[in-house]
Amino acid sequence: MFAVIKTGGKQYKVAKDDVIKVERLAGEAGDNVQLDQVLAISGDDGALSLGAPLVEGAIVSATLLEQARADKIVVFKKKRRQNYRRKAGHRQDLTVLRITDIAAKGAKKAAPKKVAEPKAETAVKTEKAEDAPKKAAPKKAAPKKAAPKKAAAPKKETAKKVAPKKAAAKKTEE
């Protein structure tokens with residue numbers, strides 16, 4: 001039995017007891033994680049169920065083994081003949097998971113733990129909006145009066161500068 005799951009923008013083919021490295025997930029070592037984005041699932045009899053886009057009710061359970069980091073990669077940018085060189089490094093944050101169970105449609109579900117938690121900022125904003133007492137509508141500022149238009153001053157004509165004439169070349173007598 002295997003399943004194709006999606007997490008961190010990537011797809012993984014997993015079976016029971018597989019150990020995979022995925023993009024960083026919230027949690028600490030020993031936590032149980034429920035991955036509910038199952039794209040396809042294969043039964044014990046070999047029948048493949050494809051989702052459109054997800055298989056309804058299918059869940060893959062995993063145990064979080066550790067939070068790790070991938071090897072460093074070097075990002076080097078260069079534009080030739082421009083004296084432009086930039087060197088930077090990057091280490092991707094990873095989560096190591098061990099797949100413990102693959103539950104197909106209609107199977108008994110454990111309480112699903114959401115992988116991606118909503119941002120705390122949005123929750124705080126809604127609480128503040130509900131708890132804040134309603135204030136009176138702010139007073140509208142009086143419309144600005146248009147300043148009287150001034151008559152356009154006539155433009156002064158500037159004297160044109162004339163380039164000095166070059167002296168005529170003298171003819172030499174032969």
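The figures here come from the full heavy-atom set of this structure, side chains too, leaving out hydrogens, waters and symmetry mates.
- Put simply, NE2 on H90 and CZ on R69 are 8.0 Å apart, with the number rounded to the nearest 0.5 Å.
- Heavy-atom minimum distance, K16 versus I102: N-CD1, 4.1 Å.
- Here the shortest heavy-atom pairing between A40 and L48 reads CB-CD1, 4.2 Å.
- One finds the CD1 atom of I5 at 11.0 Å from the CD1 atom of I41 (value rounded to the nearest 0.5 Å).
- Within a 6.0 Å radius of CZ in R80, no more than 12 heavy atoms belonging to other residues, nucleotides or ligands are found.
- Taking 4.5 Å as the limit, some side-chain heavy atom of K10 sits within range of a side-chain heavy atom of E23.
- Annotation: the span from D18 atom CG to R98 atom CZ amounts to 9.5 Å, rounded to 0.5 Å.
- The two residues L39 and K6 make their nearest non-hydrogen contact at CD1-CB, 4.0 Å.
- Contact detail for A3 and V38: the closest heavy-atom pair is CB-CG1, 4.3 Å.
- With values rounded to the nearest 0.5 angstrom, D31 atom CG is found 10.5 Å from T95 atom OG1.
- We find the CG-CD distance between D101 and Q34 to be 8.5 Å, quoted to the nearest 0.5 Å.
- Q67 places no side-chain N or O within 3.5 Å of a backbone atom of D93 that could act as its donor or acceptor partner.
- The line from OG1 of T63 to CG of D17 is 10.0 Å long, rounded to the nearest 0.5 Å.
- Annotation: side chain of M1 is not in contact with side chain of S42 (no heavy-atom distance under 4.5 Å).
- By the 4.5 Å heavy-atom criterion applied to side chains, R85 and N83 are counted as neighbours.
- Contact check for T7 versus Q37: no side-chain heavy atoms found under the 4.5 Å cut-off.
- Under the 4.5 Å side-chain heavy-atom criterion for Ile, Leu, Val, Met, Phe, Trp and Tyr, F2 and L50 are members of the same hydrophobic cluster.
- Contact record, V96 with K21: CG2-CG, 4.0 Å, taken as the closest heavy-atom pair.
- Under the 4.5 Å side-chain heavy-atom criterion for grouping Ile, Leu, Val, Met, Phe, Trp and Tyr, I99 is not connected to V4 through any hydrophobic cluster.
- Contact record, L94 with A70: CD1-CB, 3.8 Å, taken as the closest heavy-atom pair.
- Applying the side-chain contact (heavy atoms from CB on, under 4.5 Å) test between K79 and each of K77, R81, Q82 identifies Q82 as the sole match.
- Residues L64 and L97 form a side-chain contact, since some pair of their non-hydrogen atoms from C-beta on lies under 4.5 Å apart.
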